[in-house]
J.: 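Can you keep this structure in mind? I'll have questions shortly.
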Amino acid sequence: MTQLLYIETFGCQMNERDSEIMAQLLGEHAYLRTDQPEQADVVVVNTCSIRGKAAHKAYSCFGRYRKLKAKNPHLILAVTGCVAQQDGAALLERMPYIDIVMGPQSIYALPSLVAAARRDKKPQVATDLSANFVIPPFLPSLAEGPAHKRFITIMQGCDNFCTYCVVPYTRGREISRSLADILAEATHLVSQGVKEITLIGQNVNSYGQKGAHKQSQGFPALLRAVAAIAGLQRLRFTTSHPKDLSEDLMRCFVEIPSLCPHFHLPVQSGSNAILHRMNRRYTIESYLDKVVRLREYRPDIALTTDIIVGFPGETDDDFAATMQILETVHYQGSYSFKYSDRPNAKAADFPDKVAEEIKSERLARLQTRQEEISLLLKQAEIGKAVEVMVEGASKAPGNQWSGRTGTNQIVNFSCEAKLAPGQLLMVKIEDACQNSLRGKMI
Ligand code: SAH
Ligand code: SF4
Ligand code: F3S
């Protein structure tokens, strides 16, 4: 009998992809996805714990599902992702109505955990994190996601232990997938009509260095192999750690035509003292040197970044150094956050915590300046012809279609013809708004 599955996903692309995998796995057991939690037989909440606020969001939604469970005792409520891994069985003490608590490495066991929860009528906990974990092989019957672009997870976990970050504790040790398995997945997706693939992991440029599938050729070799699949039009990746950005990877932006000219390179802070205390293992000079070299290889490359303001001990001068980085690099966009204490993360015990008002004030200044720079860079595109991949119908008034440039900018454009997602075409840029470009198909 067909049953219904509802999944709520918080957090990063790793979680988004994990949610797809869970839907695929339950799909094999005759579950269909619904967007109505009231109708679901199984609800999965895939949580994120990166900042206090993210974890709080997850906790507040469990309350909503508790009410659903009161109405429908048959409902199985499963919690996965980074909050589940972090809090484990303790979640059940606070919320005994949860049926399954499972960490990111245990998502593959979802069907058997659901069966066990129904059979035994008691909560199931699966939060082992093994350094010897092997990501199960890709099953072609289990593809799920949008038709023209997909994520492929190439590694799990993180070994970098940045002092503010919870990920090494929630996702465990860094483990790479085998090249053959990634290629099988990519080849299958392209044969199904997928035009764009994004390779994802917490630190993709150290791919191939850890786990059972350790190999001498690293991330650039993987990029070249995936790019060689006939029919793949765009290749992207995220996220990279600046310390692992090699000359060979930079060269890929010249050698691989389908590799999109966009690099997300989280800087976190412009101050060496702060970078050191964050355990980032690069200096701002070496970071900027890599930016210069990347742009020598690929002058049109768009850079985006992540920044934390108010890390413990951040002085006005440290923050000024971060503001200066915006001027030096001119990021197309940045994701910026107020520092937040996380369980197990070392910085939680660091002295000299920055006051909340100061963090808020610094964040507002940084975001205001970034918005100005982002708009200026967009305005510089006016008059240019750019290649756009169609995403679908546009929500912007007066424009029928929406798509993305290789640099990952949204373009809303007019074109009378009927277009299909994944189609590549040229658009002349006529106007720039804060979050998107506008133009006309040529
Ligand atoms: N592995 C990726 C992404 C990590 S999480 C990377 O290293 O770039 C995404 C971003 O969240 C980080 O880059 C960082 O800017 C931010 N972040 C992580 N932990 C945080 C914390 N405790 N407080 C505030 N921001 C945090
Ligand atoms: Fe967290 Fe640092 Fe790993 Fe990124 S590289 S996931 S910020 S520990
Ligand atoms: Fe959040 Fe875990 Fe991703 S903490 S950002 S869901 S790795």
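For ligands, and for the atoms within them, numbers begin at 1 and follow the listed sequence. This chain uses plain numbering: 1 for the first residue, then up along the sequence.
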J.: Assess the side chains of Gln86 and Asn344: does a donor N or O sit below 3.5 Å from an acceptor N or O?
T.: no
J.: Counting heavy atoms only, which part of Ile50 comes closer than 4.0 Å to ligand 1: side chain, backbone, both or neither?
T.: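 Both backbone and side chain.
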J.: Looking at the rings of Phe253 and Tyr297, which for Trp means the six-membered one, are their centres under 6.0 Å apart?
T.: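 They do not qualify: ring centres at least 6.0 Å apart.
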J.: In ligand 3, which numbered atoms sit nearer than 4.0 Å to a non-hydrogen atom of Asn15?
T.: 6 (S)
J.: Any idea which protein heavy atom is nearest atom 15 (O) of ligand 1, and the distance to it?
T.: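 Here the nearest protein heavy atom works out to Gln268 OE1, 2.7 Å.
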J.: Could you tell me the residue and atom name of the protein heavy atom closest to atom 7 (O) of ligand 1, and the distance to it rounded to 0.1 Å?
T.: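 The closest heavy atom on the protein side is Arg280 NH1, 3.9 Å.
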J.: Please identify which of these residues, Ile325, Ile373, Leu377, Leu265, meets the side-chain contact (heavy atoms from CB on, under 4.5 Å) condition with Tyr331.
T.: Ile325
J.: If we set the cut-off at 4.0 Å for heavy atoms, which region of Pro168 has an atom near ligand 2: side chain, backbone, both, or neither?
T.: side chain
J.: Using heavy atoms and a 4.0 Å limit, tell me yes or no: is Asn203 in contact with ligand 1?
T.: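 Contact absent.
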J.: For a quick check under 3.5 Å, do Gln233 and Glu196 share a side-chain donor-acceptor pair by atom type?
T.: no
J.: If you have a sec, work out which protein heavy atom is nearest atom 1 (Fe) of ligand 2 and how many Å separate them, to one decimal?
T.: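 Its nearest protein heavy-atom neighbour is Cys165 SG, 2.3 Å.
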J.: Ring centres of Tyr164 and Phe350 under 6.0 Å apart?
T.: no
J.: Give the residue and atom name of whichever protein heavy atom lies nearest to atom 4 (Fe) of ligand 2, and the separation in Å to one decimal.
T.: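 Here the closest protein heavy atom is Gln202 O, 4.4 Å.
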J.: Which protein heavy atom lies closest to atom 3 (Fe) of ligand 2, and at what distance to 0.1 Å?
T.: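 In this structure, atom 3 (Fe) of ligand 2 has Cys158 SG, 2.2 Å as its nearest protein heavy atom.
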J.: Hey, are Gln434 and Ser374 close enough side-chain-wise for a donor-acceptor pair under 3.5 Å?
T.: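 No, because no side-chain N or O of Ser374 sits under 3.5 Å from a partner of the opposite role on Gln434.
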J.: Counting from 1, what ligand 2 atoms have a heavy atom of His241 closer than 4.0 Å?
T.: 5 (S)
J.: Can you tell me the protein heavy atom closest to atom 23 (N) of ligand 1 and the distance?
T.: Ser340 N, 3.0 Å
J.: Please identify which atoms of ligand 2 are closer than 4.0 Å to at least one heavy atom of Phe161.
T.: 8 (S)
J.: Would you check if atom 2 (Fe) of ligand 2 lies under 2.8 Å from any N, O or S atom of Cys162?
T.: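 Yes, since at least one N, O or S atom of Cys162 sits under 2.8 Å from atom 2 (Fe) of ligand 2.
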J.: Please state whether Arg280 comes within less than 4.0 angstrom of ligand 2, counting heavy atoms only.
T.: yes
J.: Could you tell me if any non-hydrogen atom of Arg171 lies under 4.0 Å from any atom of ligand 3?
T.: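 Yes; Arg171 lies near enough to ligand 3 that a heavy-atom distance drops under 4.0 Å.
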J.: Can you sort out which atoms of ligand 1 are near Asp306, meaning under 4.0 Å from one of its heavy atoms?
T.: 9 (C), 10 (C), 12 (C), 13 (O), 15 (O)
J.: Within a distance under 4.0 Å of any heavy atom of Thr239, pick out the atoms of ligand 1 and give their elements.
T.: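 Counting from 1, the qualifying ligand atoms are 2 (C), 6 (C), 8 (O).
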J.: Tell me which protein heavy atom sits closest to atom 7 (S) of ligand 2, plus the residue, atom name and distance to 0.1 Å.
T.: Tyr164 OH, 3.3 Å
J.: Going by atom types alone, do Asp289 and Ser286 pair a side-chain donor with an acceptor below 3.5 Å?
T.: no
J.: Heavy-atom contact check, 4.0 Å cutoff: does His264 meet ligand 1?
T.: no
J.: Using a cut-off of 6.0 Å, state whether more than 12 heavy atoms not belonging to Lys346 lie near its atom NZ.
T.: no
J.: Does any N, O or S atom in Cys82 come within less than 2.8 Å of atom 2 (Fe) of ligand 3?
T.: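 So Cys82 counts as coordinating atom 2 (Fe) of ligand 3, yes.
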J.: Establish, yes or no, whether a centroid distance under 6.0 Å links the rings of Tyr97 and Tyr65.
T.: no
J.: How does Glu174 reach ligand 2, by side chain, by backbone, by both or by neither, if only non-hydrogen atoms under 4.0 Å count?
T.: neither
J.: I'd like to know if the side chain of Lys378 pairs up with that of Asn435 as donor and acceptor (distance under 3.5 Å, no hydrogens or angles considered).
T.: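 No.
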J.: From atom 3 (Fe) of ligand 3, work out which of Cys12, Gly11, Gly157 has a heavy atom at the shortest distance.
T.: Cys12
J.: Would you say Arg118 has more than 12 foreign heavy atoms packed within less than 6.0 Å of its CZ?
T.: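 Buried by this count: over 12 neighbours within 6.0 Å.
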J.: To the nearest 0.1 Å, how far is atom 5 (S) of ligand 2 from its closest protein heavy atom, and which atom is that?
T.: Asn160 ND2, 3.4 Å
J.: Please list the nearest protein heavy atom to atom 7 (S) of ligand 3 with its residue and the distance rounded to 0.1 Å.
T.: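 For this ligand atom, the closest protein heavy atom is Gln202 NE2, 3.1 Å.
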J.: Look at atom 19 (N) of ligand 1 and say which protein heavy atom is nearest, naming residue and atom and giving the distance to 0.1 Å.
T.: Tyr164 CD1, 3.3 Å
J.: Within the 3.5 Å criterion, strictly below it, is a donor on Lys338 or Ser360 matched to an acceptor on the partner's side chain?
T.: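 Yes.
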J.: Among protein heavy atoms, which sits nearest to atom 1 (Fe) of ligand 3, and what does the distance come to when rounded to 0.1 Å?
T.: Cys48 SG, 2.4 Å
J.: Where the closest heavy atom to atom 2 (C) of ligand 1 is concerned, which of Arg171, Arg51, Lys359, Gln202 has it?
T.: Gln202
J.: Does OH belonging to Tyr335 count more than 12 external heavy atoms closer than 6.0 Å?
T.: no
J.: Return a yes/no value for Arg342: is any of its N or O atoms, backbone included, closer than 3.5 angstrom to an N or O of ligand 1?
T.: no
J.: With no hydrogens and no angle check, do the side chains of Thr9 and Glu16 hold a donor and an acceptor under 3.5 Å apart?
T.: no
J.: Just checking, is any N or O donor in the side chain of Asn203 or Asp244 under 3.5 Å from an acceptor N or O on the other one?
T.: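 Asp244 and Asn203 do have a side-chain donor-acceptor pair below 3.5 Å.
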J.: Heavy-atom contact check, 4.0 Å cutoff: does Ser49 meet ligand 3?
T.: yes
J.: Who's closest to atom 6 (S) of ligand 2 heavy-atom-wise, of Val167, Thr163, Val166?
T.: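 Of the listed residues, Val167 has the closest heavy atom.
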J.: With no hydrogens and no angle check, just 3.5 Å: does a side-chain donor-acceptor pair link Thr239 and His264?
T.: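 Looking only at side-chain atoms, His264 and Thr239 do not form any donor-acceptor pair under 3.5 Å.
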J.: Between ligand 3 and Gln13, can you find any atom pair, the residue atom being a heavy atom, that is separated by under 4.0 Å?
T.: no
J.: Identify whether NZ of Lys or CZ of Arg in Arg51 sits under 6.0 Å from the centre of the six-membered ring of Phe337 and within 45° of that ring's axis.
T.: yes
J.: Which atoms of ligand 1 sit under 4.0 Å from any heavy atom of Tyr339?
T.: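 The atoms of ligand 1 under 4.0 Å from a heavy atom of Tyr339 are 23 (N), 24 (C).
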J.: Output the list of atoms in ligand 1 that are nearer than 4.0 Å to some heavy atom of Pro266, sorted by atom number.
T.: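 Those of ligand 1 that fall under 4.0 Å from Pro266 are 8 (O).
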J.: Given the ring of Phe263, does Arg298 sit roughly above its face, with NZ or CZ under 6.0 Å from the centre of the six-membered ring and within 45° of the axis?
T.: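 The answer is no, since Arg298 fails at least one limit relative to Phe263.
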J.: I'd like to know if the side chain of Thr304 pairs up with that of His262 as donor and acceptor (distance under 3.5 Å, no hydrogens or angles considered).
T.: yes
